[in-house]
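Only heavy atoms go into these numbers, but all of them, side chains included; no hydrogens, no water, no symmetry mates. The model shown is predicted, which means the values in this text are computed figures rather than measured ones.
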Amino acid sequence: MMSKSRILVSANPGSGKTEDLSNQVSKLLQDGVDSDNILCLTFTNKARDEMERRIILKIKDTKYKVPDIHTFHSLSQSIINHRMEGGDLIPERFLRYQILKSLETRQIMNYDGEVLSKDYPAIVNVGQIVNAIKFLKSFAILPDKVHIEELKKNVRMEYNNGNGVNGYTLEEMEILCEGFLDIFRDYESSKNLSQMDYNDILLRAVNYSKAHFNKYQYVFVDEVQDMSEIEYELVKQVGENVYAVGDMKQAIFGFQGGNIRALRDMMSGKDFEKRVIDGTRRLPKNVVEYCINFYRTHEPEELSPELDHFRSMNEKDGVVTLIRLKDKGDMIDAVTEILNKQNNDESVGIIVRTNEQANDLSDSLTLKNISHQKISGTKGEKLWREEISKFIGGIYGTSDSIIGMIYSIYSRIPLYDGIQIAERMRFENDLKKVLPRELIDIREKYGNHKNQLLQLFNDYIIPNSIALGESAFEAAKDVFDSLPMFLDRFGTGEEYSLASLQKYILQENSRDSVDEISEKVCIITVHKAKGLEFDHVIYIPKYTEKKNISAIDLIVDSILKSNNLSYSRDERIKEENRIDFVALTRTKNSLDIITEKKSSTRYDLEPCKKIDFTTKIVNNEFVSMKDISDREKLKLNFKPWIRDYLKKKMEKLNNLSFTMLERVKELDKFVESYVLGIQTKSSALTFGSDIHSYIENYIKSHETPPIMNDEKLTRTWSNFISYDKYVREIQKGKWLGSEMKFKQKVSNVFPDIMTNITVEGRIDGLYKYIEGNTEKTVIVDFKTSKKVNRDYVNQLSLYAKLFSLENKIDMEQIESEIAYLSLRDTKVNINRIEKRWDRIDPTIEMRALEDVKKTVEKFVNYKLSVDSMIRDILSVRNTESNVFIEFQKMLKMEMENS
DNA sequence: GCAATGTAGGTTTTT
DNA sequence: CCTACATTGC
């Protein structure tokens, strides 16, 4: 083989890449090359095992030793170990937590930790930054290679060319650039010498092998199209002769640094001898034709000479079917119908684009009793981490967090008992009198979260997780494994707190998946399906055309650019085509593509059969695995109580507040706060109440607040001072009071609502001024919200009405004003906190009062007819509250069984 | 016909 | 989280 030292083999899907590699290896051995001089490299452990299996098969009857077969990471690890520089792999949770901490303490964004941990794509969040850091490091870019002025210049250029980021001003972006660099630095310096992330392993190996490392004579690389810049570097350093096999059309790991540029260079340059493997054994004729057509249609510019060699050596014709759904909800029925037609002995791969799709589909198939396997991602464990966090919160915390713990699944308290306990806790200070004995014991025994945390996991959380099922156990074990590193790093000093521990626990982690395919029907993402084949494939794509670049992507692109590297937006679109190509080429027989009709044109190519599918069954309600098992359990001892409880609870609620009214519009929150008694306090709330009490003291007794060392507090306060100036000097007004409570009968406020309940409001500030000959009274509500919100008008309209009734002043003489003291109209914290005061227009105010009236009516109706409330509770979707879901589920069952 | 309300979507993929 | 667009209600 090695007439020339570097060979690049282009191999179409199913053409026998691994087979070719193992053949070449055994040929070398037969030619007398020593095993020790040969190295095989793969990307995944799975591929490594497969390669080993094939080679052993080839040489099993010979005297040859199996050569080194490594993944890129295991090779790197062995190089590092060789240099006595071994280290610990840092859990990704650590990485994420570190980033969250930097984002928060440096106040880079105008959001608090909870929001920054979620993946709202419009907001620069932890997930985006993790990806960015990993991506940059795959190009060997560390903070010292980020030149801030260059970076900003590139960003400015994009903005000047009209390629800015939606929702971010140039000013924000420039500040964000600095923020990103700070976070990157924080992250790198947070690790000690022995701690490494995946990219550190490669980076260190490259550096060490540069110094000196015994080269292998021959290096074989599988899936060469997925190689990142540093992996390419490593190959060049460890091997003299290179035999690389890959397929550019299957490069789908660009997000991970998979660098098509390296492959393009190899293909176009003269360093490598180019070869192509002929034919495909896997794919039947029609599928091959379809796939060629697909690639040529969507990538007309791409030179892919190996496509001319993409010929089926499979005697079957095969068939491609495009199933066009009228409605997205029909998908499960389409899948079911296809599965029902399958031969039970043959394997079916249901290939999806995202883990979320995989989870949803798997749950639906379970509901239909269709046995299958889901090769899962790691994102399904969020719920369990939340439950662990809530439980720990109550074990180590006080008051409100104990109520949270009572409702957590780990307390093992049934919902009914939980409600009773939460109720009693409001009047009873002695926990021993209300909490179950076991929880009291746990609080006492493991009461110190610094020292007994791991023991608590050992003794209680992990055993209980086992009882809760596999995914609960996986989640708990995963959290447990990553705790020592947290305690070691952050467990000392002032920054250690229950809150920081909970933040750490709530972060996602990525783990190696070890799933082997064992079922005939298998749900799998495209990326995991790479390298696999099935008798039949059902592909459910999720293709989205529109691509607005995100803030963090622009920064990453600009950093690459200033390092003379590039990963263009075009490349992102091309990768999407390749992802489809990989999915389409996994089948040995038939290929079914299921897509919504409106987005089907992309796949409407010859040769394919087209079917328009509409389901006969209408009901496609989402129910999760957990629901099913719980339901079964609950049916065993079922005693209806929720309806009565809700009724009683509603009967007791006889005094409305504005917050309560707001919650009526979001019943999940209403149930949480007023039925279950769970009060959540956010940092925004603390901030708001601090400011409000400063203002109260100032208005009532001219007290000035204590020295503030918080930027946001200081600026907000200074905004209040300018408002005060405006009131006294411009309006010539006089403060009359602050924090004044008013209470009225609802039937006084809204005469056509027949009820005995009352409504209450608290006015933040009140002043009067003279206009012409009339005295005007202004009621003021101070807001520390980031944004102007038109709902506030409703609140003020109600308060104005309450005030006019209480003081028998005509509504005409009352004006209301919203004073925003802490407006931040940007996503990035540009260190500016704006102010504005809105005098409310009387006509708008009247309309707003009508709005309030509707909500009050709704509330009164709920009190009168608990069944109408139940109906609405049952129709709530998309809630984030686990307890509410539990409540809803129980209620539903109760209603169905009564 | 317009306002109020609901909901999708903003990629996402993983050694 | 925030916006844009679709659907529903009066």
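- Counted by atom type alone, Gln77(A) and Ser74(A) present zero donor-acceptor pairs between their side chains at under 3.5 Å.
- Judged by distance alone, the side chain of Asp222(A) and the main-chain N or O of Thr42(A) form no donor-acceptor pair under 3.5 Å.
- One interatomic measurement links the two molecules: CD of Gln357(A) to P of dT11(B), which rounds to 16 Å at whole-angstrom precision.
- Taking atom NZ on Lys858(A) and atom P on dT5(B), their separation rounds to 8 Å, with Å as the unit.
- Atom NZ of Lys118(A) is separated from atom P of dG10(B) by 19 Å (rounded to the nearest Å).
- One interatomic measurement links the two molecules: CD of Gln250(A) to P of dT13(B), which rounds to 20 Å at whole-angstrom precision.
- When heavy atoms are screened at a 4.0 angstrom cut-off, Asp226(A) is found touching no nucleic acid atom at all.
- If you check the side chains of Glu662(A) and Thr659(A), you find no donor sitting under 3.5 Å from an acceptor.
- The CD atom of Gln256(A) sits 16 Å away from the C1' atom of dT11(B) (whole-angstrom rounding).
- Nucleic acid contact class of Phe72(A) (heavy atoms, under 4.0 Å, all strands): none.
- Atom CZ of Arg847(A) and atom P of dA3(B) are 8 Å apart (whole Å).
- Salt-bridge check for Asp825(A) with Arg832(A): failed, with every basic side-chain N at 4.0 Å or more from each acidic carboxylate O.
- Both Arg353(A) and Lys665(A) lie close to DNA chain B; mapped to their nearest nucleotides by heavy-atom distance, the more 5′-ward contact belongs to Lys665(A).
- Among the atoms of the strands shown, none is found under 4.0 Å from any heavy atom of Thr71(A).
- For the P atom pair drawn from dT11(B) and dT7(B), the interatomic distance equals 23 Å after rounding to whole Å.
- When the side-chain nitrogen and oxygen atoms of Lys528(A) are compared with OP1 and OP2 of dT14(B), one or more of them lie within a distance under 4.0 Å.
- Note on Tyr120(A): a base of the nucleic acid sits closer than 4.0 angstrom, heavy atoms only.
- Between Asp226(A) and Lys530(A), at least one side-chain N (NZ, or NE/NH1/NH2) sits under 4.0 Å from a carboxylate O, which counts as a salt bridge.
- Listed candidates were dT11(B), dT15(B), dT13(B). Nearest to the side chain of Thr525(A) is dT13(B).
- Classification of Asp580(A) and Arg602(A) as a salt-bridged pair holds, one side-chain N sitting under 4.0 Å from a carboxylate O.
- With rounding to whole Å, Lys46(A) atom NZ is found 9 Å from dT15(B) atom P.
- For Asn131(A), counting side-chain heavy atoms from C-beta on, the closest listed nucleotide (dT14(B), dT11(B), dT15(B)) is dT14(B).
- Between the CG atom of Asp851(A) and the C1' atom of dA4(B) there is a distance of 8 Å, given to the nearest Å.
- Among the heavy atoms of the strands lying under 4.0 Å from Lys134(A) is at least one base atom, whether or not backbone atoms are also near.
- Extent of DNA chain C lying under 4.0 Å from chain A heavy atoms, first and last nucleotide in 5' to 3' order, is dC1(C) to dC2(C).
- The pair Glu231(A)-Lys236(A) does not count as a salt bridge, with every side-chain nitrogen at least 4.0 angstrom from each carboxylate oxygen.
- For Asn355(A), whose side chain is taken as the heavy atoms from C-beta onward, the closest listed nucleotide among dT15(B), dT13(B), dA4(B) is dT13(B).
- Taking every side-chain heavy atom of Glu576(A) into account, dT11(B) is the closest of dT14(B), dA4(B), dT11(B).
- Checked for salt-bridge contact, Asp481(A) and Lys477(A) meet the test: a charged N lies under 4.0 Å from a carboxylate O.
- Judged by centroid separation below 5.5 Å and plane tilt below 30°, Phe255(A) does not stack onto the base of dT14(B).
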